Amino acid sequence: MKSLLPDHRPRKRFGQNFLRAPHVVEKILAAAELTPGERVVEIGPGLGALTDRLLENGALVTAFEVDRDLAAALERRDEAMLTVCLGDVLKSDWPALLPEPPYKLVANLPYNISSQVLFKILDHRPLFGRLVLMFQKEVGDRLLAAPATRDYGILSVLVQNWFEVTRVVKVAPGCFHPPPKVDSVVLHFEPRPRPLAPVTDEAALRRLVKAVFAQRRKTLRNGLLGAGYEADAVDRALANLAIPATCRGETLTITQMARLADELG
Ligand code: SAM
């Protein structure tokens, strides 16, 4: 892999762990299944390990990079197929900068902001088709988790409701420079044509899921009361859905969460 800036010192505050394993890059590309001319968003192109291969595969790439030096080096290459957006991807105006959806999102994410990126993706779901993203393994485990398991949490419910999530490849620390302290995993997210569990009000589902997982060890009823839901409403909703008040919230399926969110409003 050619290096964009041979003297660049990786910046920890930007979560810079650069991929240096061509076989991992190829697995990411294979999962993305690009066709020439397809629009792709990359978050954090860094030294260009993925970006180069996306461009070589004929993708039209919009890349968000917060590191000025790296963004400038990419821009100096004057690639017609590449648009570099300098700045924090979390603060960027995606609808304005991504005017021609759908985009595939392909990225080795900075791990310190990966959950926030996922929430932003959920907020802007119509912009995206397939996602192929690298996470630290613990976050990946949560995204793949089933109900009633240790890893099942807010992101499992909210993401799996809209995307079918599968593992592409596990990635060892030695595949990066510098090696992170944790293992990593690449996941493939395929948008579902319809959500697993339709909800009337997505904000209500988010609120409910946050309440349920904020107090994992409490019973569902106590957890919901602790989060500010009214006792009468909770009792009525649980009875209507035949959910035992004493169960733990983390055992609820995504469909049960969605129904409960609808009942509670
Ligand atoms: N894609 C490259 C690779 O695989 O080698 C670099 C991946 S590195 C894990 C994360 C990249 O995201 C870095 O280039 C970093 O500067 C960039 N980054 C970190 N925080 C960012 C943010 N808030 N917005 C945009 N880019 C960010």
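Computed from a predicted model, the values in this text were never measured in an experiment. The analysis underlying the following values was restricted to heavy atoms, covering all of them including side chains, and did not include hydrogens, waters or symmetry mates. One-based numbering along the sequence shown.
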Shortest non-hydrogen pair, Ala63 vs Pro45, comes out as CB-CG, 3.7 Å
Shared ILVMFWY cluster between Leu34 and Val41, side chains joined below 4.5 angstrom? no
Think Lys210 forms a cation-pi with Phe119, using NZ or CZ under 6.0 Å from the six-ring centre and within 45 degrees of its axis? yes
Quick check: is Val89 connected to Val84 through a chain of hydrophobic side chains (ILVMFWY, heavy atoms under 4.5 Å apart)? no
Check this for me: does any side-chain nitrogen of one of Arg53 and Glu26 sit under 4.0 Å from a carboxylate oxygen of the other? yes
Residues Arg248 and Arg217: closest non-hydrogen pair is NE-O, 3.5 Å
Do Asp67 and Gln16 pass the side chain to side chain donor-acceptor pair (under 3.5 Å) test, and can you show the C-alpha distance, the side-chain angles, and the key distance before you say yes or no? CA-CA 10 Å; Asp67 184 318; Gln16 291 180 352; 2.8 Å; yes
Heavy-atom count around Lys120 NZ within 6.0 Å, excluding the residue itself: above 12? yes
Criterion side chain to side chain contact (heavy atoms under 4.5 Å, CB included) on Val171 and Val186, from CA distance to verdict: CA-CA 7 Å; Val171 187; Val186 177; 4.0 Å; yes
Inter-residue atom distance Leu127.CG - Glu100.CD, 0.5 Å rounding: 12.0 Å
Please work out which of the three classes, parallel, tilted or perpendicular, describes the rings of His124 and Trp94, given edges at 30° and 60°. tilted
Are the side chain of Lys104 and the backbone of Ala32 linked by a donor-acceptor contact shorter than 3.5 Å? yes
Main chain of Glu38, side chain of Thr35: is a donor-acceptor contact present, judged purely on distance under 3.5 Å? no
Would a distance-only check, ignoring hydrogens and angles, find a side-chain to backbone donor-acceptor pair under 3.5 Å from Asn17 to His177? no
Which heavy-atom pair separates Leu86 from Val66 by the least distance, and what is that distance? CD1-O, 3.9 Å
Please check this pair: side chain of Ser156 against backbone of Arg142, looking for a donor-acceptor N/O pair closer than 3.5 Å. yes
In terms of heavy-atom contacts, Cys175 and Val24 come closest through SG-CG2, 4.1 Å
For Phe163, is the NZ or CZ atom of Arg130 found under 6.0 angstrom from the centre of its six-membered ring and inside 45 degrees of the ring axis? no
Ionic contact status for Lys137 with Asp141, cut-off 4.0 Å: yes
Asp93, CG: over 12 other non-hydrogen atoms inside 6.0 angstrom: yes
Check for me whether the distance between the ring centres of Phe189 and Phe128 falls short of 6.0 Å. no
With a 4.0 Å cut-off, would you call Lys170 and Asp183 a salt bridge? no
Please step through side chain to side chain donor-acceptor pair (under 3.5 Å) for the pair Gln136 and Ser184, ending with a clear verdict. CA-CA 4 Å; Gln136 74 179 75; Ser184 302; over 6 Å; no
Verdict with reasoning, Tyr103 to Glu42, per side chain to side chain contact (heavy atoms under 4.5 Å, CB included): CA-CA 10 Å; Tyr103 295 81; Glu42 186 183 4; over 6 Å; no
Do the non-hydrogen side-chain atoms of Val117 and Leu90 ever get within less than 4.5 Å of each other? yes
Is Val157 linked to Leu238 within one hydrophobic cluster, defined over Ile, Leu, Val, Met, Phe, Trp and Tyr using a side-chain heavy-atom separation of less than 4.5 Å? yes
Decide side chain to side chain contact (heavy atoms under 4.5 Å, CB included) for Val106 and Leu54; before the verdict, give the C-alpha distance in whole Å, the side-chain angles of both, and the deciding distance to 0.1 Å. CA-CA 9 Å; Val106 182; Leu54 292 169; 4.2 Å; yes
Should we count CD of Glu190 as having more than 12 external heavy atoms under 6.0 Å? yes
Going by atom types only, do Glu164 and His188 share a side-chain donor-acceptor pair under 3.5 Å? no
Under the side chain to side chain contact (heavy atoms under 4.5 Å, CB included) criterion, do Met134 and Leu19 qualify, and how do the steps go? CA-CA 10 Å; Met134 172 103 68; Leu19 256 176; 4.0 Å; yes
Nearest heavy-atom contact between Pro126 and Pro101 is O-CB, 4.0 Å
Non-hydrogen atoms of Asp69 and Arg11 that approach each other most closely: OD2-NH2, 2.9 Å
Distance (rounded to the nearest 0.5 Å) between Leu220 CG and Leu208 CG: 7.5 Å
Mind checking whether Val25 and Met81 sit in one hydrophobic cluster, side chains of I, L, V, M, F, W, Y counted as touching below 4.5 Å? yes
Would you say Phe64 and Leu55 are hydrophobically clustered, going by side-chain heavy atoms of ILVMFWY under 4.5 Å? no
Checking side-chain contact (heavy atoms from CB on, under 4.5 Å) between Arg206 and each of Val199, Asp201, Leu158, which is the one that passes? Leu158
If we ignore hydrogens and angles and just use 3.5 Å, is the side chain of Tyr152 paired with the main-chain N or O of Leu252 as donor and acceptor? yes
